[in-house]
Amino acid sequence: MVIDMHVHPVLFGPICTDSKRLEFRKQAFGLYKSSPIPMEQVIAVMDHAGVDKAVILAEDYSAVMGEPAVSNEEIRLIMDTVPERFIGFASVDPRNDNAVSELERAFRTLNLCGLKLNLSHLQMSPDDKRLEPLFKLCEKENKPVMFHSGFSWEPDSPSKYGRPILYEDIAVQYPTLHFCLAHLGWPWVDELSMLLLKYPNVYTDTATVFMDSPKNYYEQIFMKNMAPGWLQNNLMDKVMYGSNLPRFRQVRTKDGLMKLGLRQDVLEKLLGGNAKVFLGMEVRDYAY
Amino acid sequence: MLIKSYTQEIASRQEFEMIKITDKVREAVADSGIKNGVVFVISMHTTTAIMINENLPCVEKDIEMTLERLIPTDYPYVHTHMLPSYGTCSGNAPGHLKSMLCGNHCVLPVTDGKMAGGKAQDIYFVEFDGLKIRKYTIQIMGE
């Protein structure tokens, strides 16, 4: 099974019926010239890329923006259109007083499967005390967290809050909390690799083609920035396929990974096996 | 002189796809009421083409393979970077280049209220950068 761990459903048809809301969301994400995509097209694109399931991410900066960019209800709405193809992650703004109760509602009532936080967009350090109750709830409910990590394209989003090393304390303080430092933490790939190597609860995804073609970019990251053996022999259980749709195409990013010449067992983990473990769909029966 | 325009939407289902639109153009010509003149079919995009060719799978496959040979998918193109105004990555240089080679429109005569193409001629909307929702315009000019 191929799972795309990183999809922003900002332009998915069912949540784009209100033109004001659509414009607000496009501004928030910096997707200025892009247009809504009907659901049939979304599914056709996934089928064409050979993606079985996609993790769709909510985004909430409502303490400043007044409303979530993609709300938890909108994630649920998209999931309900084709339930077998989507896994929904909630988002809450930690600056709101009701952040914890809203996250509880997203998990228990809307049945969302994890929490998405972009601390760059929130301009919040990972050790901010307002995050602690959210981490505790996720740990208690056994829900993973997806952090934006590394460089951010979004407006008003300083990349310093996405620096991987800043998340080490979370890995230590919440050892049963699974979290993903997305986008390979680029440009801090070495820092990220250290965290992946050391902490069993830290993962990453490949939603990171910021320059060049996916094929060349992944070759640079996985075969040059990292030595070829790092991914295949050391980090093979920790890296998950993510496209970053709509910023990058699923078919191209997946193709770029497949052309790395990885061992088949590593490729299978990368494209879906590791995501299954991260999402709690499967338990590993071994530990190194 | 009369001018009538019709805009059509089309959803491509492949990265490369030749979609026959001859009947849509014929319908537009008949609907326009224009008896003698010309019909233009114009794509609204930069990674598609409007093409006239013969409706044979072997010809379509040769067109696809020739374009791929001339403009391969994998090549160190310059147009492979983030486009901040879109918020997305470009990476579709082959589509732009194939579009450049094939052109964005075709023209056929309108005679006695009908599109007057040759028997082997069909009109295609050609997708080089699917899967996408696309638009093209049929514009008829005449009397």
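Quick caveat, the model's predicted, so the values are computed rather than measured. Hydrogens, waters and symmetry mates are skipped; everything else that's a heavy atom, side chains included, is used. Labels below follow one simple rule: chain letters A, B, ... track the order of the sequence lines, proteins then strands, and each chain is numbered from 1.
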A.B. asks: Please round to the nearest 0.5 Å and tell me the distance separating atom CD of B:Glu15 and atom NE2 of A:His48.
C.D. replies: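 B:Glu15 atom CD to A:His48 atom NE2 measures 3.5 Å (nearest 0.5 Å).
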
A.B. asks: Give the interface residues of residues 248-255 of chain A toward chain B, defined by a heavy-atom separation under 4.5 Å.
C.D. replies: A:Phe248, A:Arg249, A:Val251, A:Arg252

A.B. asks: Would you find more than 12 non-hydrogen atoms of other residues, nucleotides or ligands less than 6.0 Å from B:Met65 atom CE?
C.D. replies: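 No - once you tally the heavy atoms of other residues, nucleotides and ligands closer than 6.0 Å, there are 12 at most.
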
A.B. asks: Is A:Pro38 close to chain B through its backbone or its side chain, or both, or neither, when contacts mean heavy atoms under 4.5 Å?
C.D. replies: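 The answer is the side chain of A:Pro38.
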
A.B. asks: With chain A as the partner chain, list the residues of residues 132-143 of chain B whose heavy atoms fall under 4.5 Å from it, by residue number, and write 'none' if nothing qualifies.
C.D. replies: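 Within residues 132-143 of chain B, the residues that come under 4.5 Å of chain A (heavy atoms only) are B:Lys132, B:Ile133.
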
A.B. asks: Within this structure, what is the OG-OH distance for the pair A:Ser213 and B:Tyr77, rounded to the nearest 0.5 Å?
C.D. replies: 10.5 Å

A.B. asks: Using 0.5 Å steps for rounding, measure from the CG atom of B:Leu83 to the OG atom of A:Ser34.
C.D. replies: 9.0 Å

A.B. asks: With a 4.5 angstrom heavy-atom cut-off, could you sort out which part of A:Lys26 is near chain B: side chain, backbone, both or neither?
C.D. replies: neither

A.B. asks: Would you mind telling me which of A:Asp212, A:Val45, A:Ile37 has the largest number of heavy-atom pairs within less than 4.5 Å of chain B?
C.D. replies: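 Ranked by contacts with chain B, first place is A:Asp212.
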
A.B. asks: If you count every heavy atom of other residues, nucleotides or ligands that lies below 6.0 Å from A:Asp156 atom CG, does the total exceed 12?
C.D. replies: no

A.B. asks: Kindly say whether B:Ala11 contributes a backbone atom to a donor-acceptor pair with the side chain of A:Gln41 at under 3.5 angstrom?
C.D. replies: no

A.B. asks: Below 4.5 Å, heavy-atom pairs only: which of B:Asn92, B:Val78, B:Thr80 has the largest tally toward chain A?
C.D. replies: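 The answer is B:Thr80.
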
